[in-house]
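See structure below.
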Amino acid sequence: MAPRAISPQGHTSLDASALTTVYHDTLRFYLNGTRVVVDEIDPEVTLLEYLRGIGLTGTKLGCAEGGCGACTVVISQYNPTTKKIYHASVNACLAPLASVDGKHVITIEGIGNVKKPHPAQERIAKSNGSQCGFCTPGIVMSLYALLRNNESPSEHDIEEAFDGNLCRCTGYRPILDAAQTFTVKSPCGKSTANGGSGCCMEGGNGLGGGCCKDKNLEGDQPIKRFTPPGFIEYNPDTELIFPPPLKKHEFRPLAFGNKRKWWYRPVTLEQLLEIKSLHPSAKIIGGSTETQIEIKFKAMQYPVSVFVGDIPELRQYSFNNDHIEIGGNVILTDLEAICQEAIGHYGEARGQVFEAIYKQLKYFAGRQIRNVGTPAGNLATASPISDLNPVFMAANCILVAKSSSKETELPMSTFFKGYRKTALDPDAVIASIRIPLTSEKGDYFRAYKQAKRKDDDIAIVTGALHVTVDQQGIVKHCNLVYGGMAPFTVAATKANDYLKGKMFAHPDTLEGAMSALGSDFDLVFSVPGGMASYRKSLALGFFYRFYHDVLCKINTESEHGDSQAVEELERALSIGWKDQDATAEYVQESLGKPGNHVAALKQVTGEAQYTDDIPPLKNELHASIVFSSRAHAKIKSIDYSAALDIPGVVDVVDKNDLHKPEDNRWGAPNFDDYFFAEDEVFTAGQPIAVVLATSKARANDAVRAVKIEYEDLPAIFTMEEAIEKESFHKYFNYIKKGDVEEAFKHCDHIFTGVTRMGGQEHFYLETNACVAIPKPEDGEMEIWTSSQNPTESQVYAAKILGVQANKVVARVKRLGGGFGGKETRCVQVSTMMALAAQKTKRPVRCMLNRDEDMIMSGQRHPFLAKWKVGINRDGKLQALDVDVFNNAGWSFDLSAAVCERCMTHIDGCYKSPNGHIRGRLCKTNTMSNTAFRGFGGPQGMFIAESMMSEVADRLGMAVEDLREINFYKVNDTTHFNQTIEDWHVPIMYKQVKEESDYANRRKAVDEFNASHKWRKRGLALIPTKFGISFTALWFNQAGALVHIYHDGSVLVAHGGTEMGQGLHTKMITLAAEALQVPMEDVFISETATNTVANTSATAASASSDLNGYAVWNACEQINARLAPYREKLGPKATMKELAHAAYFDRVNLSANGFYKTPEIGYKWGENVGKMFFYFTQGVTAAEVEIDCLTGTSTCLRADIKMDIGRSINPSIDYGQIEGAFVQGMGLFTMEESLWFRNGPMAGNLFTKGPGAYKIPGFRDIPQVFNVSLLKGVTWENLRTIQRSRGVGEPPLFMGSAVFFAIRDALKAARADYGVKAILGVDGGEDDGLLRLESPATPERIRLSCVDPIMERARVLPKEGEKSFFVAI
């Protein structure tokens, strides 16, 4: 959503002649080995915009804030700090064009192509490390940068190389496996990662000596790089060289711009200071990591910007007797190396500050940011949650500030003056930072950070704690500094004063310091940023950890010493295993064989085309959407005049451009959604109008210039509010079996509870995009759209254009991820663009920014369930009564169907003879929530497993046993009266228990928990049963079109879209098997409504079943026609020969296939008919470890087993399982959407980009990640294509095993303080029962603990006081 434009201060005239230096206006650099000279430079263009503008579209726009890595390129340059060539991976979306002068820019296109890929590209493709492929070029370039800088990376180097990259599809494991093939030390042949029985070093069992692979038999020479069979050998000598002319490149001062913006690029400090004296308000740009975000998302305007990255004087460092001086513009990557060098130079005792800086930098953003970010930039932006500023402040660093008239020394203790305000003079710059050394004895310095995610995340709280203790143990100096506890980095003054002069090791000292800290940081419940209790607990927890660390170091034997608090939770290297023999029993020529995604090589080389990669069309217009900024309000007036006055702005399209007012309504089945808001807005992010301009930048400017006057109305956000105020959509449904009330009368126990889980943002890497192209005849329109549902895109476009559907063609080449988010909500974008194209008679292009996509496209539905369970003493369920509510948002969308699927999955895998489930949709003023992988199923099963966990605690029995006692048996019926067939959950439950050594690991976990106070481990064993079929009967159909050409090649079209799930790969496999041709001879061009009509959305995990049978049906028709020719020409005849002979006999070589799912058809209310064609099943065991002091958790191991029938392609299916599991892990443990409660942004989404919304990264996946498929069974009742089962959605719920393992660990933590569920008791505030809400974020984990530190940190709301954020 485009914010209002803000200009800092007025600036003096942009007259470079006032400067004494001669400035040039020509950029000279190399691009993929070719010299480039640019003298007409748009000063507002980023490197990414420049690259994509000249046709290098392999580099993608994912977020525009440097948080996802999709835009990663490599910039090779001479580094003035290290005096070496460095190949920096950078975010092209942030890099100003001014920053590339004199450097070599390398993009994905520059390192290889499909015919000749770079080894990094080929290995990721062949290792199945690419699914949708949108993130892949950025991931490849991060790996490429590592290999260019380090020819012999270690496994740790590989694992850390991707900390600035995100992927939503793969689950990361195959990417890491591919990258690990470049390590010089190849993994042990016995390692589980290599399919062995286990390396001697795995599980921490190595005794000295190390792994047998550490040394070779000839001595201590390192093992040579191993090229796995079938891969191109990596030879560093064949890489693009650093262009020799650049070694002699003269860095000249540059100045260029226009009346809107002016850039300077000085090359000496003197030039910089002269510019600052003339333009005190000029924005200093180092890495542009914060500034570009301010420009993009806060609409800040900086008329004069100065790029300072090419001033060697600011990038030097020196080691001195009592301090190190580093240039303000040393990049953070170099600062990491300087810290390591300093520790070696001065020793650990004197280098403690550098150890602390290095530790903070390790998790400071991603490598791409560290490659350009600088300490001076970090200081000058004065972020209250900076990772480094507390360290500089606690160490009493001195900042050396220079202006053209003076040099000033600024002590860190007085540098921060307020929120984002510092003591730096407007005309001064931070030239260097003097960092003192610690003393050889008596000095103790540590740094801490807690964030939502370990890698690449902004801090919640940071701390740098420093004490000096004399030989008698008296505190002589103390400086405890925190970030995230106030509007700026602050010292804990009361605690510092208290500690000075105290005997450090005295038992009272800790208590007194903790009390003083509590007083220093006496946060109120409604504190800005929220999380008052958690932040306070972190401040106390950091000090507690630090205190006992120091106590251990001064060797004080103390009764109150707590050495277990010292160690922080660190991950081991991750490994994984897959059963590669799973399909051996049924493998055929093509079917059942592992194979790569058919577009994998195109994706890794950047050649795969997505919607916004379509080359610009003549007269094309760019669209930006005017969104509502209020959650609920009347629109009093709209003024477009200022927007239309902006040069380049062509037109505005809104509700007044509709042919008929009723055309504005959309959203089956109720048509309660609007393309354009009318007189009232119901959510922040509701489209009001579309602005059209000749460039995206001008369209964005115009959106900001639109003036809208609102009259605010009351708004509802949470499910609880909606229930209280009875704000529901007109919908109610139920499932009833047996007699619940009668059953409750005869139960031994009745338990009640409330289960709540939050939603989830899809975070597909490609945002919604569309290109609408009007044709000159008959009102025709061609729409390229990133849609899972091209037919719906066609239908609504035809309606709003006032033409028949046969005049509109919707086309989809591929999607950069979908997950349900592009099933319906994409239709709004494509329909508005079609209307805009019709009005202007010009092509219209629109790709949403990440923040726009997140506020407009809806999320997974949050759910709330109020349940009542009847159960007997033997653990057998007797009755289940549940009221289910979902947060539908402001309109219906698919909420009813999502609620119904939740209701059908609320049994989990368990039989309850009596059940009554009721479902309602909460109507709130949030975006309209929509389909998301699982579609209500995961929410229903989460409610089931939460009930089982809480009931087991109240019965005092192991939840694993309770589950097993209640499992369905073959031929049982569900609560919606469907017979259970091909039922394999019990056998998989047994197999996973055995294969994961669950019983022994349970004993080991219990032993670990008994001996660890602050670290706890937990285990969980979770089953899943996921129904496959659209619950709306008419969607269970599909069509296909198959052509065979003269040369024997086959063209297939079907109704499904390719979004990374490998659907096209499976369809090609089926067609190749059916027609008995090689897979290379079968091609799918695109999905289009003029080849296969009336398609269903690619959703519900049914696309392979439906489209696969349709393709098979078409191929069978052709086979029947070719049968005489096969007989005549013999079994070895090629398809070319067969097609040739048939053509000359005038035989039709095209066929239209069709399939509809048989047997299904459920009737709600009557509770009769078959709801699902079959159930995909699975079982997962997970083990976690949590740090009770901070709430950090890590998944130590996950063992997943899925029953997916006979796999068509196990490589594709394993990819779906791993990706879904990690996405599920994110849903249940990490991803949290929050809204502003008050202020000017009240009712707006806060978590609208990767900076605030955290999905799992490379180092969040299970440390041991094992996946297998069920084999050795028959699927007697499975009548799907090749007896395969749908696999896209079912594994997602398996990620909840991590949540329930965390719950298990928390129970152990609470039990240490005597807090356990009281047996047989239902309800009550003090019943000891752990009620854990999803997601189990670090905050929720910490707040669930009951240790004295947490209890003293709890902040209670005053009467009427509410938290800063709203969780809907």
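Bear in mind the structure is a predicted one, so any value in this text is a computation, not a measurement. Along the sequence shown, the residues carry numbers beginning at 1.
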| said: Applying salt bridge (charged side-chain N to carboxylate O under 4.0 Å, His left out) as the test, list every pair that has at least one member in residues 818-829; sequence neighbours left out. | reply: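 Sorted result for residues 818-829: Asp673-Arg825, Glu766-Lys822, Arg825-Asp893.
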| said: Would you say CD of Glu726 has more than 12 non-hydrogen atoms from neighbouring residues, nucleotides or ligands within 6.0 angstrom? | reply: no
| task | Give a yes or no on this: more than 12 heavy atoms of other residues, nucleotides or ligands lie within 6.0 Å of atom NZ of Lys923. | result |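 Atom NZ in Lys923 is not packed in, count stays at 12 or less.
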Residue pair [X] / [Y], side-chain donor-acceptor N/O under 3.5 Å:
X	Y	value
Gln939	Asn886	no
Glu761	Thr1247	no
Asn700	Ser624	yes
Thr824	Thr930	yes
Tyr640	Asp654	yes
Thr926	Thr924	yes

| task | Describe, in one word, how the ring planes of Trp666 and Phe675 are oriented to each other, choosing from parallel (under 30°), tilted (30 to 60°) and perpendicular (over 60°). | result | parallel
| query | Angle class for the Phe1236/Phe1364 ring planes (parallel below 30°, perpendicular above 60°, tilted otherwise)? | reply |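 It falls in the perpendicular class, over 60°.
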Is the shortest side-chain heavy-atom distance between [X] and [Y] below 4.5 Å?
X	Y	value
Glu1232	Lys1254	no
Ser628	Tyr710	yes
Thr1337	Lys452	no
Asn91	Ile369	yes
Ser793	Ile783	no
Phe525	Ser1363	yes

| note | Rounded to the nearest 0.5 angstrom, the CG-CG distance for Asp612 and Leu61 is 8.0 Å
| task | Kindly say whether the aromatic ring centers of Phe863 and Phe885 come within a distance under 6.0 Å. | result |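 Centroid separation for Phe863 and Phe885: 6.0 Å or greater.
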| Looking at the rings of His762 and Tyr764, which for Trp means the six-membered one, are their centres under 6.0 Å apart? | yes
| request: Check step by step if salt bridge (charged side-chain N to carboxylate O under 4.0 Å, His left out) holds for Lys696 and Glu49. | output: CA-CA 10 Å; Lys696 184 69 174 174; Glu49 289 162 340; over 6 Å; no
| said: Glu620 vs Arg845, test: salt bridge (charged side-chain N to carboxylate O under 4.0 Å, His left out). Steps then yes/no. | reply: CA-CA 7 Å; Glu620 178 179 276; Arg845 178 186 299 260; 2.9 Å; yes
Taking [X] for the side chain and [Y] for the main chain, is one N or O donor matched with an acceptor at less than 3.5 Å?
X	Y	result
Ser787	Cys826	no
Asp853	Leu848	no
Thr683	Gln686	no
Asn887	Ile1368	yes

| note | Residues passing the salt bridge (charged side-chain N to carboxylate O under 4.0 Å, His left out) test with Arg1237, sequence neighbours excluded, are none
Would you mind checking if [Y] and [X] are paired as a salt bridge, meaning a charged N to carboxylate O distance below 4.0 Å?
X	Y	answer
Lys1362	Glu721	no
Asp701	Arg260	yes
Glu44	Lys261	no
Arg756	Glu1333	yes

| query | What closest approach, in Å, do Cys922 and Ile723 show between heavy atoms, and which atom pair accounts for it? | reply |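 Closest approach of Cys922 to Ile723, heavy atoms only: SG-CG1, 4.2 Å.
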| said: Tell me the closest heavy-atom pair linking Ala834 and Leu801, and the distance in Å. | reply: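 Closest approach of Ala834 to Leu801, heavy atoms only: O-CD2, 3.4 Å.
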